[in-house]
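Since the structure comes first, as structure tokens, the remarks are kept for the end.
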Amino acid sequence: MSDSFDLIIRRGKAVTPVGVVKTDIGVRGGRIAAIGDLGSAAGENVLDAKGLHVLPGVIDTQVHFREPGGEAKEDLGTGTAAAALGGVCAVFDMPNNNPLITDTDAYSAKWRNARGRLWCDAAFYVGATAANVNELAELERLPGCCGVKIFMGSSTGNLLVDDDATLAQVLAQGARRCSVHSEDEARLKERFHIAEEAGDVSAHPEWRDVECAVKSTRRLLKLAHAARRRVHVLHISTAEELDILRGREDTISVEATPQHLTLAAPEVYEKLGAFGQMNPPIRDARHRKALWKAVNDGLIDCLGSDHAPHLIAEKEAPYPKSPSGMPGVQTLVPVMLDHVNAERLSLERFVDLTASGPARLFGIAGKGRIAPGYDGDFTIVDLKAKRTITNSWIASRCGWTPYDGMKVKGWPITTVLRGQIIMHEGGLVGEPQGDMMRFLETY
Ligand code: DOR
């Protein structure tokens, strides 16, 4: 073939919709132009991927990059740099910023400031409140918007819709999939004394107990059914909710985080203290086991890192003043590849959870699979590489990871965004080229 390409990835093992195929891939104008033996075709850039796996670009469907208002912890530049370094090509950023991203002005300003600073592609959520209910249908259709986020229980920031009447109104507005933090606010309030009296982070899963999550998810499913609305249950954490969700309607989808799949109480709190504190909490191994079962029977639709950076000094405050959340966008790929190597899930399932799954759920245009015409987004990984995750590798402004010292097998080697190499062998390449993600209008 005498064609020429902007980028040729040679001889990698590509995870495609038809299986794992040893092939060349040619990208032109940012999109996949050819898959197959490209013979002597010329490429402006050529990557030798022999011995490596070429995955569709990983999409992290839940990050908190803190801009505007929390730039001391993270901003869109540092957060997307961390993403690219970790093999992530696109992120959905949450709206619990300051000011909250709950109206067109705040949303547009966030995009204006993001221009030219994103290392990977991005979409932004808008937050639901009692005050913006009538604008949600319009807000969710703004360019670059991945949908509406609802906090049913309070977490970091003050986004909250906790009563059924307002929730029903929110779900009645618009049509796209609504993503929900599902913990029951009334029960969280009732039980806060448990956290205060304990003064120790090991009480976190007792304060925010299984029933907080179950009660809220039951309410949510009922409301979603009544509104006939597509709903995405974020960071699922309990075996009991998974059992309920096994009988879900086909409008309901579910996310798991690498943290809930990797860490477990009580060890996480003994080892990490409040650095292992997040909402909903890391629970005991019974729940983790149920999550793995749900990953492997297909109940879980996608993974989100829930990257929620907080500064070390903030995390050192006495519990429950210590804020909830852990960074995770940079460690999602290596931690999950280590699980692949440990045979806890297949590489194909990992791709389903981080590329085709997100594309299917949210109607992402042009991403999620290695196929002609799709964006030339690739997460190129060495499944045999043995590395240690350390705080010093972390590009997030928070400067720490709950996995510091963890030895993993499987590592992202190159990140390619629309045909441009943005990370290679641990270093960022070129200038930030991230753009707004596009969504199908029918979603
Ligand atoms: O632990 C959490 N931290 N859970 C959330 O839902 C929010 C997040 C944050 O923004 O810090």
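Counting starts at 1 for both ligands and their atoms, in listed order. Keep in mind that what you see is a predicted model, and the values were worked out from it rather than measured.
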Numbering the atoms of ligand 1 from 1, which are under 4.0 Å from a heavy atom of [X]?
| X | value |
| --- | --- |
| Phe151 | 6 (O) |
| Met278 | 1 (O) |
| Ala308 | 3 (N), 8 (C), 9 (C), 11 (O) |

Next on the checklist: Within the supplied structure, the quantity of interest is the number of heavy atoms (other residues, nucleotides, ligands) at a distance under 6.0 Å from Arg218 CZ; does it exceed 12?
Outcome noted: no
Checklist entry - With a cut-off of under 6.0 Å to the ring centre and 45° to the axis, is Lys321 in cation-pi contact with Tyr319? => result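 Geometry flag: not set, cation outside 6.0 Å or 45°.
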Checklist entry - Is the cationic atom of Arg141 (NZ for Lys, CZ for Arg) positioned less than 6.0 Å from the six-membered ring centroid of Phe439 and within 45 degrees of its normal? => result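 No, Arg141 does not sit over the ring of Phe439.
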Checklist entry - Going through the distances and angles, do Lys409 and Asp338 end up as a salt bridge (Lys or Arg N to Asp or Glu O under 4.0 Å)? => result CA-CA 5 Å; Lys409 189 173 173 194; Asp338 190 62; over 6 Å; no
Item to check | Shortest heavy-atom approach to atom 3 (N) of ligand 1 - which of Pro309, Ser324, Pro280 | outcome: Ser324
Checklist entry - Looking only at distance, does His64 have an N or O less than 3.5 Å from an N or O of ligand 1? => result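 By distance alone, the answer is yes.
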Next on the checklist: For the 3.5 Å polar cut-off, considering only N or O atoms, please tell me whether Gly325 and ligand 1 meet it.
Outcome noted: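 Min N/O separation from ligand 1 is below 3.5 Å for Gly325.
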Checklist entry - Taking non-hydrogen atoms only, is Ser155 closer than 4.0 angstrom to ligand 1 via side chain, backbone, both or neither? => result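 Side chain only; the backbone of Ser155 stays clear of ligand 1.
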Checklist entry - Where on His310 is there a heavy atom closer than 4.0 Å to ligand 1, on the side chain, on the backbone, on both, or on neither? => result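 Side chain only.
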Item to check | Between Ser253 and Asp301, a side-chain donor and acceptor under 3.5 Å | outcome: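 Judged by distance alone, the side chains do not pair up.
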Next on the checklist: Quick one about His260 and His235 (side-chain donor to acceptor, distance below 3.5 Å, no hydrogens or angles considered), yes or no?
Outcome noted: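 No donor-acceptor contact under 3.5 Å links the two side chains.
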Checklist entry - Looking only at heavy atoms of Arg66, does any of them come nearer than 4.0 Å to an atom of ligand 1? => result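 Yes; Arg66 lies near enough to ligand 1 that a heavy-atom distance drops under 4.0 Å.
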Checklist outcome for this item: atom 1 (O) of ligand 1 has as its nearest protein heavy atom Asn279 N, 2.8 Å
Checklist entry - Tell me: protein heavy atom nearest atom 9 (C) of ligand 1, and distance? => result Thr156 OG1, 3.1 Å
Item to check | Candidate list Leu272, Ile312, Ile394, test side chain to side chain contact (heavy atoms under 4.5 Å, CB included), partner Trp400, passing option | outcome: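 Of the listed options, the one satisfying the test is Ile312.
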Checklist outcome for this item: Exactly one of Phe92, Phe362, Tyr125 clears ring pair (Phe, Tyr, Trp, His ring centres under 6.0 Å) with His232, and that residue is Phe362
